[in-house]
Peer 1: 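Below is one structure. I have some questions about it.
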Amino acid sequence: MEPAEVEFLAEKEPVTVIPNFSLDKIYLIGGDLGPFNPGLPMEVPLWLAVNLKQRQKCRIVPPEWMDVEKLEEIREQERREDTFTPMPSPHYMELTKLLLNHASDNIPKADEIRTLVKDIWDTRLAKLRLSADRFVREQETYAKLDNLTLMEINTTAAFFTESLNHMYKLRTNLQPSEGAESQEY
């Protein structure tokens with residue numbers, strides 16, 4: 001799966017918008033939305049919120065977890081724990097990127113939030129690399145990947161798959177095959 005596909009999936013996440021227009025209910029394949037009334041908050045998929053924001057038809061309310069204090073707590077907890085901690089959203093990285101790129105004027109302390117989410121991301125990827133290193137060194141047969149997001153798995157999946165394939169080839173080439181005669185030099 002490509003990162004763009006993961007971002008596409010994240011665009012289905014609901015976010016709250018405050019529209020500045022009136023519109024009756026709209027009927028979409030994924031469900032009905034509306035009615036839209038000026039000044040009344042409502043939940044819509046992220047893709048629609050971004051579209052409305054680009055057309056200056058709404059203000060996006062940041063998710064509850066997109067707050068400097070809450071993100072600092074998450075970052076500190078992630079640094080303390082050896083295992084991966086649950087994230088506030090399964091698409092925290094994609095939501096942050098899209099909201100900060102398209103609605104940073106609606107998000108208080110946007111630059112601090114961007115930095116904190118990047119710190120959390122970097123901490124989690126470093127943990128993932130360490131656990132992969134341990135997995136390889138100890139020649140484990142399985143790995144437990146609880147609380148990883150789809151984007152985190154997607155970011156490292158190709159590398160890990162290729163690495164494991166190379167390790168398998170190296171191990172099978174190092175083992176003497178049956179009936180093979182030793183070579184003396």
Side-chain angles (χ1 to χ4, degrees), residues 1-15 29-31 45-50 62-68 70-102 110-185:
M1 186 177 284
E2 296 293 318
E5 293 171 302
V6 177
E7 189 173 293
F8 173 78
L9 294 173
E11 289 176 352
K12 295 178 185 176
E13 287 288 303
V15 294
I29 292 173
L46 178 61
W47 65 265
L48 181 58
V50 168
E64 185 179 305
W65 56 265
M66 199 174 278
D67 173 69
V68 171
K70 289 181 182 172
L71 289 171
E72 284 174 342
E73 286 174 27
I74 292 168
R75 180 185 64 186
E76 293 313 310
Q77 182 182 6
E78 193 66 47
R79 287 178 176 172
R80 278 193 311 268
E81 300 287 329
D82 289 336
T83 58
F84 296 98
T85 58
M87 287 291 96
S89 165
H91 298 286
Y92 76 98
M93 191 64 177
E94 303 91 328
L95 286 172
T96 302
K97 177 185 166 217
L98 287 167
L99 289 175
L100 290 178
N101 285 348
H102 298 287
D111 289 334
E112 288 179 60
I113 287 172
R114 186 184 318 269
T115 302
L116 286 165
V117 169
K118 180 77 168 99
D119 287 349
I120 293 167
W121 174 264
D122 290 343
T123 301
R124 290 173 67 84
L125 286 186
K127 249 189 225 186
L128 189 55
R129 282 191 296 274
L130 285 173
S131 98
D133 183 50
R134 190 175 330 115
F135 174 80
V136 170
R137 266 190 286 111
E138 296 174 8
Q139 298 183 7
E140 298 290 340
T141 55
Y142 69 94
K144 191 174 181 181
L145 301 176
D146 291 348
N147 299 321
L148 284 178
T149 66
L150 186 56
M151 186 64 87
E152 292 164 344
I153 292 170
N154 186 58
T155 300
T156 56
F159 169 75
F160 288 142
T161 305
E162 197 62 33
S163 297
L164 292 173
N165 282 338
H166 285 297
M167 287 184 54
Y168 173 76
K169 288 176 185 175
L170 288 171
R171 283 189 188 132
T172 55
N173 287 338
L174 290 176
Q175 295 173 353
S177 58
E178 291 181 28
E181 296 178 25
S182 64
Q183 297 178 350
E184 293 186 22
Y185 295 99

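It should be emphasised that the depicted structure is a prediction, and the values quoted were computed from it without experimental measurement.
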Peer 1: Is the shortest heavy-atom distance from the side chain of Thr85 to the side chain of Arg124 under 4.5 Å?
Peer 2: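 Of all side-chain heavy-atom pairs linking Arg124 with Thr85, at least one is under 4.5 Å.
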Peer 1: What I'd like to find out is whether the side chain of Pro62 reaches to under 4.5 Å of the side chain of Ile113, using heavy atoms alone.
Peer 2: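 Answer no - side chains too far apart.
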Peer 1: Other residues, nucleotides and ligands only: do more than 12 of their heavy atoms fall within 6.0 Å of CG on Asp82?
Peer 2: no
Peer 1: Taking all heavy atoms of Thr83 and all of Glu78, pick out the closest pair and write down the distance.
Peer 2: O-OE2, 3.9 Å
Peer 1: Can you tell if the side chain of Thr149 reaches within under 4.5 Å of the side chain of Met93, non-hydrogen atoms only?
Peer 2: no
Peer 1: Could you tell me which non-hydrogen atom of Leu150 sits nearest to which non-hydrogen atom of Met1, and how far apart they are?
Peer 2: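 Taking Leu150 first and Met1 second, the nearest heavy atoms are CD2-SD, 4.0 Å.
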Peer 1: Going from NE2 on His91 to CD on Glu7, what distance comes out if it is rounded to the nearest 0.5 angstrom?
Peer 2: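 Rounded to the nearest 0.5 Å, the NE2-CD separation comes to 11.0 Å.
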Peer 1: Look up atom CD in Gln77 and atom CD1 in Ile120, then write down how far apart they are to the nearest 0.5 Å.
Peer 2: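 Those atoms lie 10.0 Å apart.
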Peer 1: Does the pair Glu81/Lys127 count as a salt bridge with the N-to-O cut at 4.0 Å?
Peer 2: no
Peer 1: Just wondering, do Glu13 and Glu94 contact through their side chains at under 4.5 Å, heavy atoms?
Peer 2: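 No; the side chains remain at least 4.5 Å from each other.
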Peer 1: What distance do Thr96 atom OG1 and Asn101 atom CG have between them, rounded to the nearest 0.5 Å?
Peer 2: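 Taking OG1 in Thr96 and CG in Asn101, the distance rounds to 10.5 Å.
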Peer 1: First locate atom OG1 of Thr115, then atom CZ of Arg75, and finally report the distance between them rounded to the nearest 0.5 Å.
Peer 2: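 Those atoms lie 9.5 Å apart.
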Peer 1: Decide, yes or no, whether a salt bridge links Glu76 with Arg79 under the criterion of side-chain N to carboxylate O below 4.0 Å.
Peer 2: yes
Peer 1: For the atom pair CD (Glu72) and CD1 (Ile74), what is the distance rounded to the nearest 0.5 Å?
Peer 2: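 That separation rounds to 10.5 Å.
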Peer 1: Looking at every heavy atom in both Leu46 and Leu98, which two are closest together, and how far apart are they?
Peer 2: CD2-CD1, 3.5 Å
Peer 1: Might you point out which heavy atoms bring Pro3 and Met151 nearest each other, and give the distance in Å?
Peer 2: O-CE, 3.6 Å
Peer 1: Quick check: closest heavy atoms across Leu128 and Glu152, and the distance to 0.1 Å?
Peer 2: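 Here Leu128 and Glu152 meet closest at CD2-O, 4.0 Å.
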Peer 1: Just verifying a value: how many Å separate Glu5 CD and Asn154 CG, rounded to the nearest 0.5 Å?
Peer 2: 8.0 Å
Peer 1: Ignoring hydrogens, what is the shortest heavy-atom contact between Tyr92 and Trp65? Give both atom names and the distance.
Peer 2: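 Smallest interatomic distance, heavy atoms only, reads O-CH2, 3.7 Å.
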Peer 1: Can you tell whether the side chains of Lys118 and Asp122 come within less than 4.0 Å, N to carboxylate O?
Peer 2: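 Judged by the 4.0 Å cut-off on N to carboxylate O distance, Lys118 and Asp122 do form a salt bridge.
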